[in-house]
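Since the structure comes first, as structure tokens, the remarks are kept for the end.
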Amino acid sequence: MSRAALLVLADGRFPAGGHAHSGGAEAAVKDGRIRDARDLEAFCRGRLHTTGLTAAGLAAAAALGHDLAALDAAADARTPSPALRVVARKLGRQMMRAARAAWPGADLDELAVAFPRGTHQPIVLGAAARAAGLAPPDAAHCVAYETVSGPAAAAVRLLSLDPFEATAVLARLAPEMDSVAALAASAALEGIDALPAASAPLLDITAEQHATWPVRLFAS
């Protein structure tokens, strides 16, 4: 296992396309639900313990070696928003390109062939973690971190928020990221049916609305 590989995978500069997505923050800013660092922290905490937990479970299960077609179906069932399903597969395709370049191997090649239109991004991330020699908790930690770091980075751009304040939000949430990752990895050990299915209906609703905007800074 390589901790350096974990840093590469979790790096915001890893070319997996996440920088173009706000994780729902753009819609929340427009609605006035994120106005400052305090609001951002509340938004990120809610996202972490709902969609973040669910995605972390999928990633941990993929890293563990569970059936990827079954995980794809499980991800679809846990993503009621059509717009978010499209986004998840688009990000999955981009993650696949980056992962195959970084850690080439037969497993990722087979996954790419099995899902030519892409599977959900957390599943690809988990498969990439496995290819990199990482463990399921590592994959879960990556997802937990990107669940909150994406909206935090977006808020800096959307609100001209002080980046020091945004970073402080991430630091305060670190213990909760650890607990979410641990819970997700533990559930993955029990099988696909035991994976978390926490939801955030408002994120689903605003994602559908955001997809119709003629002008937007982020893709989602």
Side-chain angles (χ1 to χ4, degrees), residues 1-11 14 16-18 47-79 84-85 87-150 174-199:
M1 186 184 301
S2 168
R3 288 302 173 196
L6 176 59
L7 295 176
V8 171
L9 188 59
D11 193 336
F14 190 72
R47 192 166 191 270
L48 174 64
H49 288 279
T50 54
T51 58
L53 173 61
T54 299
L58 291 166
L64 194 60
H66 284 300
D67 181 79
L68 297 177
L71 283 175
D72 182 76
D76 265 350
R78 287 161 171 75
T79 312
L84 289 180
R85 286 199 295 271
V87 166
R89 292 184 184 280
K90 184 178 295 183
L91 285 171
R93 290 195 299 272
Q94 183 68 17
M95 170 68 75
M96 179 64 75
R97 291 180 61 195
R100 291 174 77 188
W103 301 288
D107 288 346
L108 289 177
D109 290 344
E110 290 173 7
L111 180 58
V113 170
F115 296 96
R117 296 186 177 181
T119 184
H120 289 249
Q121 189 263 6
I123 297 173
V124 181
L125 189 149
R130 185 178 175 87
L134 300 172
D138 296 318
H141 270 96
C142 280
V143 171
Y145 175 71
E146 70 177 16
T147 295
V148 296
S149 62
E176 293 177 58
M177 290 185 234
D178 287 342
S179 65
V180 163
L183 180 59
S186 177
L189 292 172
E190 299 181 29
I192 294 176
D193 289 343
L195 292 178
S199 63

Looking only at heavy atoms, the pair that brings Arg117 and Arg93 closest together is O-NH1, 2.5 Å
Scanning both residues in full, the closest heavy-atom pair of Val143 with Ala59 reads CG2-CB, 3.5 Å
Heavy atoms of Ala74 and Ile192 approach each other most closely as CB-CG2, 4.0 Å
Value for CD (Glu176) from CG (Leu183), rounded to nearest 0.5 Å, stands at 13.0 Å
Query raised in the report: Hey, mind stepping through Leu125 and Glu146 against side chain to side chain contact (heavy atoms under 4.5 Å, CB included) and telling me if it holds?
Result: CA-CA 11 Å; Leu125 189 149; Glu146 70 177 16; 3.9 Å; yes
- Should Leu195 and Arg78 count as side-chain neighbours, where that means a heavy-atom distance under 4.5 Å? yes
In terms of heavy-atom contacts, Met95 and Val124 come closest through CG-CG1, 3.4 Å
- Under 4.5 Å between any side-chain heavy atoms of Arg3 and Asp138, yes or no? yes
Correct closest heavy-atom pair for Ala140 and Ala181 would be CB-O, 3.6 Å
Distance col, row Leu71:CG vs His66:NE2, nearest 0.5 angstrom, shows 7.0 Å
Practice item. Please examine the side chains of Asp76 and Arg89, heavy atoms only from C-beta on, and report whether any two atoms are closer than 4.5 Å. Key: yes
Item checked: Thr54 vs Ser199 side-chain heavy atoms within contact, under 4.5 Å -> no
Here the gap from Asp11 atom CG to Tyr145 atom OH, rounded to the nearest 0.5 Å, amounts to 8.5 Å
* With side chains defined as the heavy atoms from C-beta onward, is the minimum distance between Trp103 and Leu9 less than 4.5 Å? -> yes
In terms of heavy-atom contacts, Ala75 and Leu58 come closest through CB-CD1, 3.7 Å
In this structure, CG of Leu64 is separated from CZ of Arg130 (nearest 0.5 Å) by 7.0 Å
Margin query: Any heavy-atom pair between the side chains of Asp178 and His141 that's under 4.5 Å?
Written below: yes
Rounded to the nearest 0.5 Å, the OG1 atom of Thr119 sits from the CG atom of Asp72 at a distance of 3.5 Å
In this structure, CG of Asp109 is separated from CZ of Arg100 (nearest 0.5 Å) by 4.5 Å
